[in-house]
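Values below: all heavy atoms of this structure, side chains included; hydrogens, waters and symmetry mates excluded.
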Amino acid sequence: MSPWDRVGRRALWALQPGSQPLLPADVRLVSEQFSQSPQKLSFYSWYGSARLFHFRVPPDAVLVRWLLQVSQGGGPACSHAEVTVYFRYGAPPVINPLGTGFPANTSVQSPFFIKMLQSNASVNVSHPAPGDWFMAAHLPPSSQKIEVKGFVSPSCVYTFHPDMLVVRAVEVSILEPDVPLPQTLRSHPSYLKIFIPEYTQELRLELQGCVTNGSLGCPVRLTVGSATLPRNFQKVLTCISLTWSCHLLLPSPPWERWLQVTAKSLAGPHVLVAFRAVAALTACRPWTMNLQHLLQSSPNRSCNASAALLPPGAGSWVPGRSRGAGGGPFCLTSYPVIREDTDVLSVRFWPADRVSVLVRSGTPSVMRLYLHTGTDSGGSLSISLQANQTAMTNSTRVAVCVNAASPFLSFNESLNCTTAFFQGVRLSLSAASRKADLIVPYPETDNWYLSLQLVCPESPEECEQASVLVETALYLVPCLNDCGRYGQCLLLRRHSYLYAGCSCKAGWRGWSCTDNSTAQTVAQQRVATLLLTLSNLVFLAPITVSVHRALLVEASVYAYTMFFSTFYHACDQPGEAVLCILGYDTLQFCDFLGSGVSIWVTILCMARLKAAQKHVLFLLGTLIFAMSLQLDRRGAWNTLGPCLFAFVVMVTMWVYRCGHRRHCYPTSWQRWAFYLLPGISMAAVAVAIYTSMMTSDNYYYTHSIWHMLLAGSAAFLLPPREEHTKPWACSQKLTCHYQICRNHREELYTVT
């Protein structure tokens, strides 16, 4: 079933611009508008590529409309792009556009999303749940091609801008437990709400004394609860006649919050419908572990913890006006839980005795995890349970339910872990499988409850006196296992809201970088590292040629490029074959700087400028490259711009010499045939590979070829030594074993 069908037409529908007003005119309703700053969309490659938006829906909201707008820039060559927008209540949406795998034991709901093929769209949600709502938007998955920024293809920019319109009720009737509330309906619905206190086991809503224009009949529809996405668990009670009891039973309604109830007449706008709404709460009497006993108990007596469960004292709350408030058996055993905040999106939970939880068959043992702060939904909830081996038999097992808002208490009736408005996650511990794990990525902002009870399906009498100790490991972590060996856990931010995501490498994919369907083997990683590093040894050719032709500055630049390119690519590798002698950012900057300056000095050297002019341009070009790379390291024109200027200087000098000598320059056809044409061809192929042929899959091979072609073209294009200049060598030896090395062109002497 699609997410659209699960939500239902009564809760959500999409509208296009120019639709009808939100609701008919009603003086009890007011409208408000909220907006967020637009964000530039990106093609999807990992969760950080999606743009997150965070809205807060106020209480008593009747309707919410999100107005979605996509604007594009970059010229007429940019066409409309498909934009996918996800919605979720309580936490960022868990999305999987690439169809990758999740870790084992991960609870994931199918997200609700829409695809925008036009620039405008809107989404309505009736009776939305108050609190945090999240929206994530992205462009289609990115291609494998590595594109050079700003080169050839137009730079298309897509910007996403959402607005939220809210219609909320300002006149809401309070429905008190066991107190009939008269209501009259005509053309407008009636809005009610009831507060559900803690330890409420059941809520019963009933319509009494319903009449229509003085005659018996009850054409009323009650909508109970608020709409959430991607799942919607609103309850609808439709009353047509009084031949049967018109009531609704809600087991385990959400604790400590207001529950919305909307009554709407089905008899038409001119028919008067009157009735009385009655709400009855069944109180749950908790058996709370006494903290004083927990402090006195020792690990040696932990196995006899059942004898120390004390009846609830004054600290145990029981609703006074609800049915079942006085006396009666206990419905749950409540274990106090300590929350310890250790870091950003890092929380540890443990029972107050720091040992284990005692599980029996009579009542469920309940632990409450406090995840309602609003800052915890950006991590992953990790639950690990392990039962005592000696206490488990083949006919007994521990049923476990993990729910938000309220615990599951009906283990004796069903094991589906379903409460009034939440579908929980079911786990099981047995003698054959004593351990169970659960991962909840981006848990909803709420109190989460862990319910455990001992069940004996085959022989219930064995459970009467049996008990099992269950050890718990409960954590909220930014990323599961810190994204593993082939991933990096990154902390993302949208305004003041923080959330985490895994950036995978070495071909690993998935929510926690556990999907190895496209992963590289260790051998492939080592081969890739060797290709990208050893291919830089081709720079030994231009270094040797430069030294032989007395071009010492050029040789130094090539040596610099070879060194930092080798160690940058050794540090840039994913997986095991990694070696970083400096910080990654430093190595990357030096590699990019060396590549650009190598091209710069090669072209200027071909121009045959005077020594002073050449070295001034060498220095200025290096400074300009450093500045441009600091501004934008990936920009193509930051490198192409200075290189084109150097090319213009070279062409100008060649044209000047042609005119001055009245002969083509260079004059030798051998120079053209065996040096210039091969060097230019290699440079052209290198540029073509760098700009249009590199992909994520062939990067290791194509980039290595780029290294070799760049170094080889420099060796071919370097100009020959001038006729009156001898090779740079040592001309005289001293008796003190020092050498005076003379460069005849510069007339400089250096002690080496």
So do [Y] and [X] actually touch side chain to side chain, heavy atoms under 4.5 Å?
X	Y	answer
P93	F134	yes
M135	R88	no
H54	H495	no
L429	L385	yes
T472	I383	no
W706	L710	yes
H161	S71	no
E82	L139	no

Residue from Y86, F160, Y158 passing ring-ring contact (aromatic ring centres under 6.0 Å, His included) with H138: Y86

Calculate, to the nearest 0.5 Å, the distance between atoms [atom1] and [atom2] belonging to [X] and [Y] respectively.
X	Y	atom1	atom2	value
H569	S704	NE2	OG	8.0 Å
L530	Q525	CG	CD	12.0 Å
I581	T586	CD1	OG1	10.5 Å
F112	I114	CZ	CD1	6.5 Å
M606	W654	CE	CH2	4.0 Å
I543	L552	CD1	CG	12.0 Å

Full working for side-chain contact (heavy atoms from CB on, under 4.5 Å) between W600 and F645: CA-CA 9 Å; W600 170 264; F645 174 78; 3.8 Å; yes

Full working for side-chain contact (heavy atoms from CB on, under 4.5 Å) between L717 and I603: CA-CA 8 Å; L717 294 176; I603 298 176; over 6 Å; no

Geometric class of the Y499/Y442 ring pair [parallel <30°, tilted 30-60°, perpendicular >60°]: perpendicular

Compute whether any side-chain donor of one residue and acceptor of the other, for [X] and [Y], lie under 3.5 angstrom apart.
X	Y	answer
S598	T561	yes
S377	Y497	yes
S503	Y47	no
D632	S628	no

Search all heavy atoms of [X] against all heavy atoms of [Y] and return the closest pair with its distance.
X	Y	answer
D591	Y568	OD2-CD2, 3.3 Å
L531	S535	O-OG, 2.8 Å
T622	L593	O-CD1, 4.0 Å
L345	G378	CD1-O, 3.7 Å
L98	P141	CD2-CB, 3.6 Å
G679	F716	CA-CB, 3.7 Å

With no hydrogens and no angle check, is any side-chain donor or acceptor of [X] less than 3.5 Å from a backbone partner on [Y]?
X	Y	answer
R51	K40	yes
H615	A611	yes
W46	G510	no
S713	L709	yes
R549	L551	no
T544	L540	yes
R494	L52	yes
D515	S517	yes
S49	S42	no
N516	R509	no

Verdict with reasoning, F625 to F592, per ring-ring contact (aromatic ring centres under 6.0 Å, His included): CA-CA 9 Å; F625 269 109; F592 286 22; over 10 Å; no

Carboxylate-amine/guanidinium proximity below 4.0 Å for K614 and E554: yes

SB check D572 K505 (cutoff 4.0 Å): no

Audit row: Q630, F589, side-chain contact (heavy atoms from CB on, under 4.5 Å) steps and yes/no: CA-CA 8 Å; Q630 185 66 27; F589 178 83; 4.2 Å; yes

SG proximity flag C502/C479, limit 2.5 angstrom: no

Cystine candidate C571-C580, SG separation under 2.5 Å: yes

F563 atom CZ, neighbour heavy-atom count above 12 within 6.0 Å: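 Count over threshold, so yes.
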
More than 12 heavy atoms of other groups within 6.0 Å of Y701 OH: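 Counting neighbours around OH of Y701, 12 or fewer heavy atoms of other residues, nucleotides or ligands fall under 6.0 Å, so no.
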
Check against side-chain hydrogen bond (donor to acceptor under 3.5 Å, both in side chains), Y700 and Q520: CA-CA 12 Å; Y700 310 104; Q520 299 175 356; 2.9 Å; yes

Y560 vs M562, side-chain contact (heavy atoms from CB on, under 4.5 Å): CA-CA, chis, key distance, verdict: CA-CA 6 Å; Y560 176 94; M562 180 183 68; over 6 Å; no

Worked verdict on H707 versus F539 for ring-ring contact (aromatic ring centres under 6.0 Å, His included): CA-CA 8 Å; H707 287 164; F539 274 98; 7.4 Å; no

F102: partners by ring pair (Phe, Tyr, Trp, His ring centres under 6.0 Å), with sequence neighbours left out: W511

